[in-house]
Amino acid sequence: MLDTKQLRNDMDEVLAGLAKRNFSFDYAQFQTLEAQRKQLQTQTETLQAQRNQSAKSIGQAKARGEDIAPLLASVDDLGAQLERNKQALDSVQQQLEQLLLSIPNLPHDSVPAGLDESGNIEVSRWGTPREFDFSPLDHVAIAEQRGWYDNDAATKISAGRFAVLKGPMARLQRALTQFMLDTHSHIHGYEEVYVPYLVNQDSLFGTGQLPKFAKDLYKIEKDAEHDTSDRDLYLIPTAEVPITNLVRGEIVDAANLPLKFVGHTPCFRSEAGSYGRDVKGLIRQHQFEKVELVQLVHPNDSYMALEALTEHAASILEALELPYRKVLLCAGDMGFSAAKTYDLEVWLPGQQAYREISSCSNFEDFQTRRMMARYREDQDKPQLLHSLNGSGLAVGRTLLAVLENHQQADGRIAIPAALQSYMGGLTHI
RNA sequence: GGAGACGUGGCCGAGAGGCUGAAGGCGCUCCCCUGCUAAGGGAGUAUAGGGUUUGUAGCUCUAUCGAGGGUUCGAAUCCCUCCGUCUCCGCCA
């Protein structure tokens, strides 16, 4: 959520930022609503002040034993008037809030303009795609050939776009997860956290998935007969949601910053709009494993933190000897809440292409304003934190990348040295 | 799943329709006093939003006692719903 003050005072800057994202914003509507809000709020608060004042004098008169009937008569219609004003104000404020919640974050100055992925800028490359002396298979062919992947079974027990992995491939996924968690917690200084996989609406609202992107989420249908609570739960689309929301409503002592968390969770995405993309194989699934990095930092440090966090994610690819490139997303290709995003794209020989395996973003105060996550420096007033996150990495896609990049002519997969201790010392599977 | 108790500021804890944004204590900040330390004295110490304003200064108004709704001229206080915590029983990994 953008700062309403900024929206009121720096119209030009806001409009320029949104235009860079190709987001058209009805500023006239905002101004109309804002003018209405101002008038109604002033009126309402004046009425409230009047009510408080007369309630007080009624109390005092009563204490002195005086007749309060005339006083009561004088405030006769105040209540009704106040009620009308309040309702009008609520309505305008709701409209304003809806408008505000529909506005994406402003891109950082260093973010290039552009409408879609063609406007992204490759920042760097690491490693060289391997020259094969045989024709490399894609991960589906490799896994099916070895009996490690059973798509029919997944469809039978669940639905399309779910996976059943077996044997060494299932173990490899677990090994990758452990390796990532250990690296980030032991070497990069993140605190490992275990978090719920079902979250409430407030949490999804805080990180920006709601209200705009409800169709991408799996909602738990509650049993109305037995569950009388007024709370709906959703499967998390990423660990970003529960982890970032750890600081929702909190005021952190500045001395404790930065907060750095790493967590592993499954992620659930209904991807309602994505049919037709990556339908085959394990690239795009409704359920996948991910190790997530989250940082909450002082606003002055967030762009340094973004570089560091991206390197932390990249170091996993390097340790696994997987060629990748780092891409700076253009304004039009960024996610709704991001101010700046780097994607890491791993080389997939089966596709002869670089494919996204990590997305690292600085959200500045866009998320923390929604969730009122703040820090306090000395005796100063609380200020909004900056939040960042990045995949470190998407485990499912890392698994594919290992299979495709480290396949051998004999059909076996070479285990990267860094991972061997996590595979019980195996050098190949 | 059953029974009961309870949710008040950074923390503990009063308050049971009006004089309570909230006593008292602890903690914290500043000042005074005191060879040092300890003790003592004084002042201050929530958050958000609005108006005014060049201003995140000052002044002022509003809201907030788990959350939401209701009763009332007036609610921390009474009523309803929900959430959460604790204790006991049951069940369970």
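A, B, ... follow the sequence lines: proteins, then strands. Residue 1 opens every chain.
- Closest heavy-atom contact between A/Met1 and A/Arg369: O-NH1, 2.8 Å.
- Looking at the side chain of A/Lys5, the nearest of the listed nucleotides B/rU47, B/rG18, B/rG50 is B/rG50.
- Taking only side-chain atoms of A/Ala49, from C-beta outward, the nucleotide of B/rA63, B/rU56, B/rC61 with the closest atom is B/rC61.
- Across B/rA16 and B/rG27, the matching P atoms stand 28 Å from one another, rounded to whole Å.
- Not a single donor-acceptor contact under 3.5 angstrom links the side-chain atoms of A/Glu45 to the base of B/rG51.
- The pairing partner recorded for B/rC86 is B/rG4, the criterion being a Watson-Crick or G-U wobble arrangement whose two distances lie under 3.5 angstrom.
- Nearest-nucleotide positions on RNA chain B place A/Gln53 closer to the 5' end than the other of A/Glu83 and A/Gln53.
- Exactly one of A/Thr32, A/Leu15, A/Leu18 qualifies for a side-chain contact (heavy atoms from CB on, under 4.5 Å) with A/Tyr27. That residue is A/Leu15.
- As rounded to whole Å, 12 Å separates atom C1' of B/rA48 from atom CE of A/Met1.
- Remark: A/Arg269 fails to qualify as a cation-pi partner of A/Tyr218 under the 6.0 Å distance and 45° angle criteria applied to the six-membered ring.
- Comparing the same atom, P, in B/rA76 and in B/rC19 gives a spacing of 10 Å after rounding to whole Å.
- Across B/rG50, B/rC73, B/rU62, the shortest atom-to-atom separation from the side chain of A/Asn52 is found for B/rU62.
- Nucleotides B/rG13 and B/rU20, compared at atom C1', are 15 Å apart to the nearest Å.
- Here A/Asp150 pairs with A/Lys166 in a salt bridge; the nearest charged N to carboxylate O distance falls below 4.0 Å.
- Within 3.5 Å, a donor on the side chain of A/Lys62 pairs with an acceptor on the base of B/rG18, or the reverse.
- In this structure, A/Gly59 and A/Thr42 both approach RNA chain B, and ranking their closest nucleotides by distance from the 5' end singles out A/Gly59.
- No engagement by A/Arg369 is indicated, since no non-hydrogen atom pair under 4.0 Å with the nucleic acid exists.
- With B/rA63, B/rG50, B/rU47 as the candidates, the nucleotide lying closest to the side chain of A/Arg374 is B/rU47.
- In this model, the phosphate group of B/rA75 is not approached by any side-chain N or O of A/Lys56 to a distance below 4.0 Å at OP1 or OP2.
- For the pair A/Tyr375 OH and B/rU56 P, the interatomic distance rounds to 16 Å; values are reported in whole Å.
- The phosphate of B/rG51 has OP1 or OP2 within less than 4.0 Å of a side-chain N or O from A/Arg37.
- Counting only heavy atoms from C-beta on, A/Gln48 has its side chain closest to B/rA63 among B/rC61, B/rA63, B/rC73.
- In this structure, A/Arg376 does not reach the B/rA46 phosphate: none of its side-chain N or O atoms is under 4.0 Å from OP1 or OP2.
- Comparing atom distances between the A/Arg51 side chain and each of B/rG51, B/rC73, B/rA63 picks out B/rA63 as nearest.
- Remark: side-chain polar atoms of A/Asn405 are paired, donor with acceptor, to backbone N or O of A/Ala401 under 3.5 angstrom.
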